[in-house]
There are 2 protein chains.
Amino acid sequence: MTSDPESLSKARLRVWLKLLKAVNGIEGEIRRNLRDRHRTTLPRFDVMSALARFPDGLKMSDLSSFLKVSNGNVTGIVDKLTEEELVQRVPVPGDKRAQIARLTSKGKAEFEKLAGHHEGWIDTLLDALSMEDLETLSDTLERVLSQSTEKERADA
Amino acid sequence: MTSDPESLSKARLRVWLKLLKAVNGIEGEIRRNLRDRHRTTLPRFDVMSALARFPDGLKMSDLSSFLKVSNGNVTGIVDKLTEEELVQRVPVPGDKRAQIARLTSKGKAEFEKLAGHHEGWIDTLLDALSMEDLETLSDTLERVLSQSTEKERADA
DNA sequence: CCAAGATATTTTAAGCTTAAAATTTCAGCC
DNA sequence: GGCTGAAATTTTAAGCTTAAAATATCTTGG
């Protein structure tokens, strides 16, 4: 049987590499589509996607923690989206340090369009997965995620 | 039932986002470990890992296509690994354009150490997955990968 | 009030990434 | 031999990313 700890560890490593390959392949395809068909990038899409979930906008720091990227990172991306009038910065009454980033109506319209295409691309790329596959995969990922959540608590 | 095409598409999108979250979480942990415990980075590890599979080394272009990154990218990474004497560039007899990058003995030793720790980190991070989970997941990913392989053929 | 520490954000420096341009060398053909 | 296009690599320009430093503002305790 292939169930000693040694082979389990090797099997986990092989699956990890395959997982990475699949995710990188799909992500690459999304990036290509965003670039070639919509003249934008994944980080910009991610920021717009986050802001679309919060119609009243998000403080810069909340946006960066939601996206799990650094503060300085969102500063740069929001700068550019703001230049293009897809996002606007709104001062927070009573706190001159903070700013709220929110989609403009132009930004909302642009995001709706992107989001529809994005869902279609994913649908095609994951075409091989049935509803049953998705449920199994979702459960599996859930267990992996709760593992990393434990790790985060340990680090904090 | 939840099996109309609409909900299948939404389910695929949700699973994709969860997949991304899991993979990014694990990858982030690997990057942190490489940085904090070994003063190195994932791209450097990836290059060394590729070279470790080919004891005779790889041409720069073969290295970049193996890793699926641009030529210019590996140039920069190999430059730095070379400065640290972990990698060396060897001229190709009969073709003055080409160079072969290969691990030095110092590089090999360094990589062995990293690879052992790397396998341990993955083992811990995927601790929740049994051999059976791994087999199911591997099959699922295989189907996703063959989908993207078809796509690549279509593009070429 | 005000000093000191905390908080929100931006700036900076360094590294990774890509596509495209530039450079060097090769291979084939006349 | 020499020209032309292909091939291997590096360079360049632009964007993303982070951690750490810098700035500005707020809050709290004295």
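Order of the sequence lines sets the chain letters (A, B, ...), proteins ahead of strands, with each chain counted from 1.
- With a 4.5 Å cut-off on side-chain heavy atoms, B/Leu129 and A/Arg143 count as touching.
- Between A/Leu63 atom CG and C/dA8 atom P the separation is 14 Å, expressed in whole Å.
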Please tabulate, one pair per line, each protein N/O and nucleotide N/O from nucleotides 16-18 of chain C that are separated by under 3.5 Å, including the distance.
unit_1: C/dC16; atom_1: OP1; unit_2: B/Thr41; atom_2: OG1; d: 3.2
unit_1: C/dT17; atom_1: OP2; unit_2: B/Asn73; atom_2: OD1; d: 3.2
unit_1: C/dT17; atom_1: OP2; unit_2: B/Asn73; atom_2: ND2; d: 3.2
unit_1: C/dT17; atom_1: O5'; unit_2: B/Asn73; atom_2: ND2; d: 3.0
unit_1: C/dT18; atom_1: OP2; unit_2: B/Ser70; atom_2: N; d: 2.8
unit_1: C/dT18; atom_1: OP2; unit_2: B/Ser70; atom_2: OG; d: 3.1
unit_1: C/dT18; atom_1: OP2; unit_2: B/Asn73; atom_2: ND2; d: 3.0

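- Not counting sequence neighbours, the partners of B/Lys18 by the salt bridge (Lys or Arg N to Asp or Glu O under 4.0 Å) test are A/Glu142.
- The cluster map of Ile, Leu, Val, Met, Phe, Trp and Tyr, joined by side-chain heavy atoms under 4.5 Å apart, puts B/Leu17 and A/Val47 in the same cluster.
- Ion pairing of B/Glu27 with B/Arg31 is present here, as a side-chain N (NZ or NE/NH1/NH2) and a carboxylate O approach within less than 4.0 Å.
- In this structure, A/Asp62 atom CG and C/dA8 atom C1' are separated by 10 Å, rounded to whole Å.
- Counted within 6.0 Å of CD on B/Glu84, heavy atoms from surrounding residues, nucleotides or ligands total more than 12; the atom is thus considered enclosed.
- Surrounding NZ of A/Lys21 are at most 12 heavy atoms belonging to other residues, nucleotides or ligands under 6.0 Å away.
- Straight-line distance from the CZ atom of A/Arg39 to the C1' atom of C/dA19: 13 Å, rounded to whole Å.
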Run the numbers on B/Glu83 and B/Lys80 for salt bridge (Lys or Arg N to Asp or Glu O under 4.0 Å), then give the verdict.
CA-CA 5 Å; B/Glu83 281 172 23; B/Lys80 294 192 181 156; over 6 Å; no
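- If you check the side chains of A/Thr136 and A/Asp139, you find no donor sitting under 3.5 Å from an acceptor.
- Near DNA chain C, defined here as any heavy-atom distance below 4.0 Å, the residues from residues 51-61 of chain A are A/Lys59, A/Met60, A/Ser61, listed numerically.
- Scanning for ring-ring contact (aromatic ring centres under 6.0 Å, His included) contacts around A/Phe111 gives A/Phe45, with sequence neighbours left out.
- Near DNA chain C, defined here as any heavy-atom distance below 4.0 Å, the residues from residues 87-101 of chain A are A/Arg89, A/Arg97, A/Ala98, A/Gln99, listed numerically.
- Put simply, the side chain of A/Asp56 does not reach to within 4.5 Å of the side chain of A/Ile100, judged on heavy atoms.
- When rounded to the nearest whole Å, the span between CG of A/Leu34 and P of D/dG15 equals 16 Å.
- The ring-ring contact (aromatic ring centres under 6.0 Å, His included) test applied to B/His117 returns B/His38, not counting sequence neighbours.
- Summarising the geometry, the separation between CD on A/Glu84 and P on D/dG15 is reported as 10 Å, rounded to the nearest angstrom.
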